[in-house]
2 protein chains.
Amino acid sequence: MPHRDESVEIIQRELTAFARRARASAARMHPELSLVSYTLLSHLEDQRGCRATDLAAHYLLDKSTVSRQIATLERLDLVERRVDPDDQRVQVLHLTAAGRETLAQVAARRHAAFQERLADWNEDDLAGFAAQLLRYNAAHDSSGGA
Amino acid sequence: MPHRDESVEIIQRELTAFARRARASAARMHPELSLVSYTLLSHLEDQRGCRATDLAAHYLLDKSTVSRQIATLERLDLVERRVDPDDQRVQVLHLTAAGRETLAQVAARRHAAFQERLADWNEDDLAGFAAQLLRYNAAHDSSGGA
DNA sequence: CCATGTGGTTGTAGAGTACAACTTGAAGGA
DNA sequence: TCCTTCAAGTTGTACTCTACAACCACATGG
């Protein structure tokens, strides 16, 4: 059984290796929806709509970046804006029907890709891995960082 | 205990969440060395020198991208090129002393950050997590993809 | 000695991102 | 009421990362 330091070293290296490839692989697999666009659309679906500022805060992005991303998604008819009647400054963002559909297609392909890569894992291993990732990311959400 | 599909869904979502933040966080933590530069330097250290083509193949990058990255690292005096006497086309890349030092500093800070985020994990959990990440990435290395 | 292949660089273009300056609307106090 | 201050979002600008294509230099095998 390896020592703490070795394990931390491996976790660091392997998570980094994954991160390094994720963007490029996502671009190759789904040229029509970048990793960022995909995550923004997912967030909109999960939250059933939210503000650009919320997206920026959640994903540690500059508001100008989000503004341009949303503009692109709107041009593609995947997202629509609805001005908040209670605060004219606010635009609540929602998926369009086309946005929901595109997201579902890409999500399905991504899911299939992960299924394939995890095909030879048994149910317990999968559950354990999922739990550890949740735990790791939960710490991040509260403290920020790597 | 969750079902296969749920676990795969969670793994997909959490790994994506990590990837989404990795680059930005790395840039914030180590403005002097981007995630890509860091991984290239690490590889050079592990391999005790290699060719630009090898880096491109390993990291799924275009050779022009690697060429420019290396040019930058050379300008910063972190990397040096040595023409292979057996093949004048080949430049074997090596870390300089400064490169080794910079890499060590950034690696130490990254390691400390990971240590902190994993501080409340016990040794067995760490070892388990490390093993699962290794297994996951090993599948990737052979099949490519996400 | 030429044809073909490999290692690497350069030109060009596009995505993603940040920072700063600005516009518009909201909220609160003198 | 009016003015100040703050929050949401957009736009101008610049820089990095990246890919693709065209190219150069060297190597290798007929």
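Per chain, numbering begins at 1; letters A, B, ... match sequence-line order. Note that these values count all heavy atoms, side chains included, but never hydrogens, waters or copies made by symmetry.
- A heavy-atom distance below 4.5 Å is not found between the side chains of D125(B) and F129(B).
- Taken from NE2 in H43(A) to NE2 in H58(A), the straight-line distance is 5.0 Å, to the nearest 0.5 Å.
- Here the straight-line distance linking atom CZ of R51(A) with atom CZ of R89(A) works out to 8.5 Å at 0.5 Å rounding.
- Separating the CD atom of Q91(A) from the P atom of dT23(C) is a distance of 18 Å, rounded to the nearest angstrom.
- Contact annotation: Q69(A) side-chain N/O to dT17(C) OP1/OP2 distance is under 4.0 Å.
- In this structure, D84(A) has no salt bridge (Lys or Arg N to Asp or Glu O under 4.0 Å) partners at least two apart in sequence or on a different chain.
- With rounding to whole Å, L76(A) atom CG is found 11 Å from dA15(C) atom P.
- With rounding to whole Å, Y59(A) atom OH is found 12 Å from dT17(C) atom P.
- Rounded to whole Å, atom C1' of dG9(D) lies 9 Å from atom CZ of R81(A).
- With rounding to the nearest 0.5 angstrom, the CG atom of L118(B) is 8.5 Å from the CZ atom of R135(A).
- Cluster annotation: Y59(B) and I70(B) are assigned to the same hydrophobic cluster (Ile/Leu/Val/Met/Phe/Trp/Tyr, side-chain heavy-atom contacts under 4.5 Å, transitive).
- Proximity of Q88(B) to V83(B): side-chain heavy atoms (C-beta onward) are separated by under 4.5 Å at one or more points.
- Distances shorter than 4.0 Å separate some side-chain N or O of S67(A) from OP1 or OP2 on dT10(D).
- In this structure, L40(A) places its CG atom 14 Å from C1' of dA15(C), rounding to the nearest Å.
- Of all the residues in residues 42-54 of chain A, R51(A), A52(A), T53(A) reach under 4.0 Å from DNA chain D with at least one non-hydrogen atom.
- When rounded to the nearest whole Å, the span between CG of L73(A) and P of dT10(D) equals 12 Å.
- As judged by a 4.0 angstrom heavy-atom cut-off over every strand, V36(A) is placed among residues touching the sugar-phosphate backbone only.
- In this structure, L35(A) places its CG atom 15 Å from C1' of dT18(D), rounding to the nearest Å.
- At dA18(C), one or more side-chain N or O atoms of T65(A) fall inside 4.0 Å of OP1 or OP2 (strictly under the cut-off).
- Atom CG of L61(A) is separated from atom P of dA8(D) by 16 Å (rounded to the nearest Å).
- Counting only heavy atoms from C-beta outward, the side chains of L93(B) and L55(B) approach each other to under 4.5 Å.
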- Message: Strictly under 4.0 angstrom, non-hydrogen atoms only: write out the protein contact profile of nucleotides 21-30 of chain D, one letter per nucleotide from the 5' end, B, S or -.
- Response: B---BBS---

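- Side chain to side chain, R13(B) and S42(A) fail the donor-acceptor criterion of an N or O pair below 3.5 Å.
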